[in-house]
Amino acid sequence: MRPWTVVLTGATGFIGAAVLRQLTGCAAADGGPVRVRAVVRRADVVLPGGEAVAQVRADLTDPASLTGVLEGADALVHAVSYVGKDAERCAAVNVRGTAAVMAAARAAGVGRIVHLSTAAVYGAGPHHGIDVDEIAPAPVSAASRSRLAAEEPALDAGALMLRPGLVLGAGDRWVVPAFAELAERVPPEWLGGTGLQSLVDVGDLARLVVAAATAPDAVRGVHHAAHPVPVSTGRLRAALSAHGLVAPARGSADWQQCRALLARSQGRYGERQLELLAQDHRYLSERIWQLLARDPGPGPLARLDGAAAWYRGFMAGRQGALAGSS
């Protein structure tokens with residue numbers, strides 16, 4: 001059988017690396033082999049996957065470097081994003097880079113396109129179980145504004161647009177680390193632990209992406225990509241505490257009390273991150289799992305056993321780095 005070729009951008013990133021792991025060794029819808037063409041910027045990058053993974057050097061901010069990269073491909077998974085504060089970098093990578101790779105995909109006649117966006121495009125919550133575009137997007141950062149702008153060229157190219165909520169798992173450098181810091185600075189149970197979050201384990205998200213990229217028929221449009229069952233902040237905190245990742249709650253506090261406690265200390269994270277983790281950010285996510293005929297799995301809390309050791313190592317290393325620089 002002819003191999004099914006998937007071009008993957010962002011293969012060294014948090015979500016892209018998980019997608020790469022799922023793609024290597026999987027089969028296409030017709031049972032044939034899947035081959036990955038991973039786009040990398042640096043020559044010294046060595047990706048896992050053996051002969052099933054071909055590395056191609058290109059820089060999305062240089063459209064000319066994409067010449068030929070998409071030729072002969074059956075699917076594109078676009079998992080590149082810049083999430084820092086540099087507005088020009090956001091525009092270059094997220095907006096113009098996405099437009100360039102989508103133009104190359106259209107020119108090459110790629111039939112399956114999966115684009116990773118984010119539920120952060122909706123802006124400040126709370127969001128109580130909203131459907132796609134039930135409210136107008138109102139992003140509050142340069143990163144999320146640029147990622148919203150990047151959706152237009154992707155949709156114009158016929159992409160499936162996935163908007164994950166909070167993504168957990170090995171490689172997560174902000175959700176659980178932010179929760180840990182904020183739990184130290186604001187010790188009570190935030191809002192009594194009642195905030196409901198749309199979470200997804202990175203491995204389950206990758207399964208969904210791979211299913212879309214190898215499906216016999218293209219699925220298009222915008223979809224939320226989280227586990228269908230939301231998780232309360234209290235349950236998340238208890239699960240993280242059980243793994244020694246987050247301090248247990250001491251008492252309870254309403255939103256104003258939480259804000260006041262946070263203001264008494266300085267740290268890496270601020271009120272925006274506390275709001276994201278404490279208040280409802282719940283997005284209806286059942287439809288995409290049904291369309292792709294995939295079981296969403298037991299949920300992100302059940303997957304923490306496999307990620308806890310990575311989190312402990314990462315956060316210990318961060319603490320050591322902070323101590324060494326003080």
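Source: prediction; values computed, not measured.
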Q: Heavy-atom count around Glu152 CD within 6.0 Å, excluding the residue itself: above 12?
A: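 12 or below, so no.
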Q: Look up atom CD1 in Ile15 and atom CG in Leu116, then write down how far apart they are to the nearest 0.5 Å.
A: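 If I round to the nearest 0.5 Å, the distance is 5.0 Å.
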Q: Identify all side-chain donor-acceptor contacts of residues 214-224 below 3.5 Å with residues at least two apart in sequence or on another chain.
A:
from: Thr214; atom 1: OG1; to: Val210; atom 2: O; distance (Å): 2.7
from: Arg220; atom 1: NE; to: Gly158; atom 2: O; distance (Å): 3.1
from: His223; atom 1: NE2; to: Arg220; atom 2: O; distance (Å): 3.4
from: His224; atom 1: ND1; to: Leu284; atom 2: O; distance (Å): 2.9
from: His224; atom 1: NE2; to: Tyr122; atom 2: OH; distance (Å): 2.7

Q: Tell me, which pairs form a side-chain hydrogen bond (donor to acceptor under 3.5 Å, both in side chains) where one or both residues lie in residues 13-42, sequence neighbours left out?
A: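 Qualifying pairs: Arg42-Asp44.
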Q: Do Leu274 and Leu236 sit in one hydrophobic cluster, given that two such residues count as connected whenever their side-chain heavy atoms are within less than 4.5 Å of each other, even indirectly?
A: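 Yes, one cluster joins them.
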Q: With sequence neighbours left out, which residue pairs that include part of residues 14-66 fulfil the ring pair (Phe, Tyr, Trp, His ring centres under 6.0 Å) condition?
A: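 Residue pairs with at least one partner in residues 14-66: there are none.
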Q: About how many Å separate CZ of Arg303 and CG of Leu301, when rounded to the nearest 0.5 Å?
A: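 Rounded to the nearest 0.5 Å, the CG-CZ separation comes out at 11.5 Å.
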Q: Check the hydrophobic clustering (I, L, V, M, F, W, Y; side-chain heavy atoms under 4.5 Å; chains of links allowed) and say if Val93 and Ile113 are grouped together.
A: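 Yes, same cluster.
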Q: According to the ring pair (Phe, Tyr, Trp, His ring centres under 6.0 Å) rule, which pairs have a member within residues 18-57, sequence neighbours left out?
A: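 Qualifying pairs: none.
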Q: Looking at Ala92, is its backbone amide N or carbonyl O close enough to the side chain of Thr61 to form a donor-acceptor pair, meaning the two atoms are under 3.5 Å apart?
A: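 Checked: no pair found.
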Q: Not counting sequence neighbours, list each pair that qualifies as a side-chain hydrogen bond (donor to acceptor under 3.5 Å, both in side chains) and has a residue in residues 124-138.
A: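 Sorted pair list: His127-Tyr283, His128-Asp280, Asp131-Arg287, Asp133-Arg163.
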Q: Taking only residues two or more places apart in sequence, or in another chain, which ones meet His227 in a ring pair (Phe, Tyr, Trp, His ring centres under 6.0 Å)?
A: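 His227: no ring pair (Phe, Tyr, Trp, His ring centres under 6.0 Å) contacts found.
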Q: What ring pair (Phe, Tyr, Trp, His ring centres under 6.0 Å) pairs are there with at least one residue in residues 31-51, not counting sequence neighbours?
A: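 Listed once each, the pairs would be none.
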Q: For Gln279, does its backbone N or O pair with a side-chain atom of Trp190 as donor and acceptor, under 3.5 Å?
A: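 No.
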Q: Verify salt bridge (Lys or Arg N to Asp or Glu O under 4.0 Å) between Arg96 and Glu88, making sure each step is shown before the conclusion.
A: CA-CA 10 Å; Arg96 296 193 295 273; Glu88 172 52 31; 2.5 Å; yes
Q: Start with the C-alpha gap between Leu191 and Thr233, add the side-chain angles, then the distance that decides, and say whether side chain to side chain contact (heavy atoms under 4.5 Å, CB included) holds.
A: CA-CA 9 Å; Leu191 310 181; Thr233 301; over 6 Å; no
Q: Determine whether a donor-acceptor pair (N or O, by modelled atom type, separation under 3.5 Å) exists between the side chain of Glu184 and the backbone of Ala247.
A: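 Checking the backbone N and O of Ala247 against the side chain of Glu184, no donor-acceptor pair under 3.5 Å is found.
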Q: Using distance only, find each side-chain donor-acceptor pair of residues 1-11 under 3.5 Å and give its atom names and separation, not counting sequence neighbours.
A:
from: Arg2; atom 1: NH1; to: Asp74; atom 2: OD2; distance (Å): 3.2
from: Arg2; atom 1: NH2; to: Asp74; atom 2: OD1; distance (Å): 2.8
from: Trp4; atom 1: NE1; to: Ala213; atom 2: O; distance (Å): 3.0
from: Thr9; atom 1: OG1; to: His78; atom 2: ND1; distance (Å): 2.7
from: Thr9; atom 1: OG1; to: Ala79; atom 2: N; distance (Å): 3.0

Q: Distance from Leu262 atom CG to Glu275 atom CD, nearest 0.5 Å?
A: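 Output value for this atom pair is 12.0 Å.
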Q: As an exercise, state the distance from CG of Leu205 to CG of Leu199, rounded to the nearest 0.5 Å.
A: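 That separation rounds to 12.0 Å.
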Q: What residue pairs, at least two apart or across chains, pass ring pair (Phe, Tyr, Trp, His ring centres under 6.0 Å) with a residue in residues 19-72?
A: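 Every candidate ring pair (Phe, Tyr, Trp, His ring centres under 6.0 Å) pair involving residues 19-72 fails, so no pair, neighbours aside, qualifies.
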Q: List for me each residue that meets ring pair (Phe, Tyr, Trp, His ring centres under 6.0 Å) alongside Tyr82, sequence neighbours excluded, and say none if there are none.
A: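 For Tyr82 there are no ring pair (Phe, Tyr, Trp, His ring centres under 6.0 Å) partners, ignoring immediate neighbours.
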Q: Between side-chain atoms of residues 49-57 and protein atoms elsewhere (two or more places apart, or another chain), which donor-acceptor pairs fall under 3.5 Å?
A:
from: Gln55; atom 1: OE1; to: Leu47; atom 2: N; distance (Å): 2.7
from: Gln55; atom 1: NE2; to: Val45; atom 2: O; distance (Å): 2.7

Q: For His243, is there any backbone N or O sitting under 3.5 Å from a side-chain donor or acceptor partner on Arg312?
A: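 Present.
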Q: Please assess Asp172 against Leu166 for the test side chain to side chain contact (heavy atoms under 4.5 Å, CB included), listing each intermediate value before the final yes or no.
A: CA-CA 10 Å; Asp172 160 35; Leu166 300 179; over 6 Å; no
Q: Please tabulate, for the side chains in residues 174-183, all donor-acceptor contacts under 3.5 angstrom to protein atoms that are two or more places apart in sequence or on a different chain.
A:
from: Glu181; atom 1: OE1; to: Arg268; atom 2: N; distance (Å): 3.1
from: Glu181; atom 1: OE2; to: Arg185; atom 2: NH1; distance (Å): 2.7
from: Glu181; atom 1: OE2; to: Arg268; atom 2: N; distance (Å): 3.1
from: Glu181; atom 1: OE2; to: Tyr269; atom 2: N; distance (Å): 3.2

Q: Would the distance check show the side chain of Arg173 and the main-chain N or O of Phe314 forming a donor-acceptor pair, the cut-off being under 3.5 Å?
A: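 Such a contact is absent between Arg173 side chain and Phe314 backbone.
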